[in-house]
Amino acid sequence: MAAKSRRKNDASSSTSKTPSSDMNIGAYDVDDNDNMDQKYNHGRFPSTLHQSVDIIQSFLRIFTSMKVSITAIVFIIAASVFDLSEATQSKLIQIGTGYLFIAKPLLSTLAICLSNKATTAWHERIIATGFLMSIICNQFPKWLSSFVAASAVFAFGLASRQFVPMQQLDSVDNTSSTNSGVTQSKSPSKRNTTTSSDDNTNPFLKFWSRLNIKERAAIGTLAVVVSLLTENFLIWVVSATYKPGIVGSPTPLQDNGRIVLEALAKKLWNVEQSWMAKRPLQKIRDTLNVQYALVSALGASFVCLELQLGGKKTSHRSLAGVALHALITLASARLIRYISFVLTVLPSQVPNCYRHHFPPPPDNWKDWILVGMLPSSRGGCNDLILSGHATVTSTIACAATSVSSNTSFSVAVWTLIALDYSIEAYQGLHYSVDMFLGGIVTCLLWHLTAPLEIEGELEQLQKEKQRKEGGGGNAARAPPLDATVVAMYAAPAILAFLILAVFPEAYVNYFAIGYSLVAGVMFKKHGFSNLLQHELLCMLMFTIGVYL
């Protein structure tokens, strides 16, 4: 009975607690629902973002389709064929050419950035994003763009130093593989290269064959600097020795390409004289600033190659290999350029060009040298064939598009380059043949010098071998990141920023010589290192920044 009463009391007590426990359970249910709502709301943002991206992608697919391109072409043909009012013709041509040469390339690049297709690799999106973001950043002050570029180079230098030990071991492994019969049997190209270098009696080729790909890229950087300094001096010499240009404005040659472009400009902007369209066309060119967008795409390509973000598509290529390829292409194009304008002097299309660019020819050779050392970053007068602007932009475009290997991006880049070249030819800064030959010769040189990247493929094979044997632990051997290391990497980047944003352009060539001498000393004492690579990239940044 006691047990039964005890059970009844327990039951009654539990029954009496039921309301409070129901309240607790109810409170717990409310909290659980709240949490579910929070989880739902938390997942709603990514879902909404995904839907927004899908809508944008659908929009881009429509406006970059072939149907829209054909419609734009029809607008241009209708404005040229049918008897319409001048205002209507101008509007139709503006719509057609604006879409084909500006809107479609930019929208195609944006489509690559936002693509979620499995066929679009990450490195393709990164390179396209770098290109597009540069055009957006061009709307900001120059000093801000220079600061962003210097910061990117500084960050890349610190990040890539983690890969130095593996690369140095690759260099040592390449040297040891020269005496290894097993390695030579696995790599016939390496064996043939070694045999030819041993049998060769040419001292330069012997020296070149002993260098790894990074050391060759360092020499290629110095070759470009020497080529630019030589060309800079010859621009002054040719202009100062062309007497018709000194005393007046000689009659320029007939440029049929410019005649066609001027007629198109008159139709495009509905003006009576072709010169009236110069300001809006220059505004378009400044807004796009294709050359700096190309530099950003090239920088993104280097990052993707160094960090191997392209997977199998770029596994056979390396940063040093592509850099060497581009540097030798550019140096060769500049060599052809200044030999061409020295052999045959063409009259400038700009009235009184010499008077606005150069002082009167001096009487002693010291003054000749001093004037020749002033950077001709704003162009000369008679350095016309080939266009220096075209050689630089074409080289960078070849490098960036080859790493990206995306057809849509390549078409977009070269379309914007064609627009840029057309505007420059229309303005009379160059003959149209200068721009045409500058692009064509540079592209041919790019394909001609493609074998320079072969060493990059061999280094990738050595890295893969080390990764299998050593388990990829070499990256941990990088020295610790301390204040001294940060200062060593920050100094050349900060100085490069000051050269672009603060110092007068008259001192740029002297800074380039100073950077080259420092690089030579570093290379002599320590060989090729990541710090040397960083210093060379800083030099290229301010050199290209000034001369573009």
Side-chain angles (χ1 to χ4, degrees), residues 45-61 64 105-137 148-149 151-164 166-167 292-323 325-326 396-414 416 453 456-457 459-461 463-464 466-468 472 474-475 530 533 537:
F45 177 73
S47 177
T48 305
L49 181 62
H50 182 71
Q51 292 175 357
S52 301
V53 172
D54 288 341
I55 293 173
I56 295 174
Q57 288 176 342
S58 301
F59 168 83
L60 293 174
R61 278 193 296 269
T64 58
L106 296 179
L107 292 176
S108 299
T109 306
L110 180 60
I112 298 171
C113 301
L114 301 178
S115 176
N116 56 6
K117 296 180 180 179
T119 55
T120 305
W122 272 106
H123 75 286
E124 299 175 25
R125 302 173 194 173
I126 292 173
I127 295 172
T129 302
F131 183 85
L132 200 59
M133 288 302 297
S134 176
I135 295 177
I136 297 174
C137 291
V148 171
S151 301
V153 172
F154 169 66
F156 174 68
L158 289 180
S160 61
R161 64 189 286 273
Q162 298 295 328
F163 298 89
V164 175
M166 182 179 292
Q167 294 160 357
Y292 281 109
L294 289 170
V295 172
S296 297
L298 181 63
S301 302
F302 284 168
V303 171
C304 293
L305 289 171
E306 185 74 0
L307 304 182
Q308 286 298 303
L309 300 179
K312 293 182 179 179
K313 288 186 177 181
T314 59
S315 60
H316 63 289
R317 308 183 75 180
S318 65
L319 185 155
V322 174
H325 189 180
I396 299 175
C398 286
T401 55
S402 70
V403 175
S404 173
S405 65
N406 185 293
T407 303
S408 298
F409 180 68
S410 298
V411 172
V413 167
W414 287 106
L416 292 173
E453 290 192 46
E457 297 180 3
E459 288 192 1
Q460 291 297 328
L461 293 176
K463 287 182 181 181
E464 186 65 26
Q466 284 185 351
R467 199 171 289 115
K468 291 179 179 179
N474 292 329
N530 186 260
Q533 172 182 288
L537 286 176

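Basis for what follows: all heavy atoms, side chains included, without hydrogens, waters or symmetry-related copies. What you are looking at is a predicted structure, and each value in this text was computed from that prediction instead of being measured.
- Separating the CH2 atom in Trp122 from the OG atom in Ser115 is a distance of 10.0 Å, to the nearest 0.5 Å.
- The CG atom of Leu107 lies 13.5 Å from the CZ atom of Arg61; values are rounded to the nearest 0.5 Å.
- Between the side chain of Ser402 and the backbone N or O of Ala399 there is at least one donor-acceptor pair closer than 3.5 Å.
- Shortest non-hydrogen contact noted between Leu319 and Phe302 is CD1-O, 3.4 Å.
- At least one side-chain heavy atom of Ser405 sits under 4.5 Å from a side-chain heavy atom of His123.
- Side-chain contact between Asp54 and Asn116: present, with at least one pair of heavy atoms (C-beta onward) separated by less than 4.5 Å.
- Between atom CG of residue Leu110 and atom CD of residue Gln57 there is a gap of 9.5 Å, rounded to the nearest 0.5 Å.
- Residues Ile112 and Phe131 fail the side-chain proximity criterion, which asks for heavy atoms closer than 4.5 Å.
- The distance from atom CG of Leu60 to atom CG of Leu114, rounded to the nearest 0.5 Å, is 6.5 Å.
- For Lys312 against His316, the heavy-atom pair with the smallest separation is O-ND1, 4.4 Å.
- Inter-residue side-chain proximity for Val403 and Leu298 is flagged as unmet; no heavy-atom pair is nearer than 4.5 Å.
- Ser404 places no side-chain N or O within donor-acceptor distance of the main-chain N or O of Ala400, the cut-off being under 3.5 Å.
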(request) Give the C-alpha distance, both sets of side-chain angles, the deciding distance and a yes or no for side-chain contact (heavy atoms from CB on, under 4.5 Å) between Val322 and Leu305. (result) CA-CA 9 Å; Val322 174; Leu305 289 171; 3.5 Å; yes
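- Thr314 places no side-chain N or O within donor-acceptor distance of the main-chain N or O of Arg317, the cut-off being under 3.5 Å.
- The OG atom of Ser301 sits 11.0 Å away from atom CG of Leu309, with the distance rounded to the nearest 0.5 Å.
- A side-chain donor-acceptor contact under 3.5 Å links Ser296 to the backbone of Tyr292.
- Note that CD1 of Ile396 is 11.5 Å distant from OG1 of Thr401, once rounded to the nearest 0.5 Å.
- Panel note: side chain Ser134, backbone Gly130; no donor-acceptor pair is recorded below 3.5 Å.
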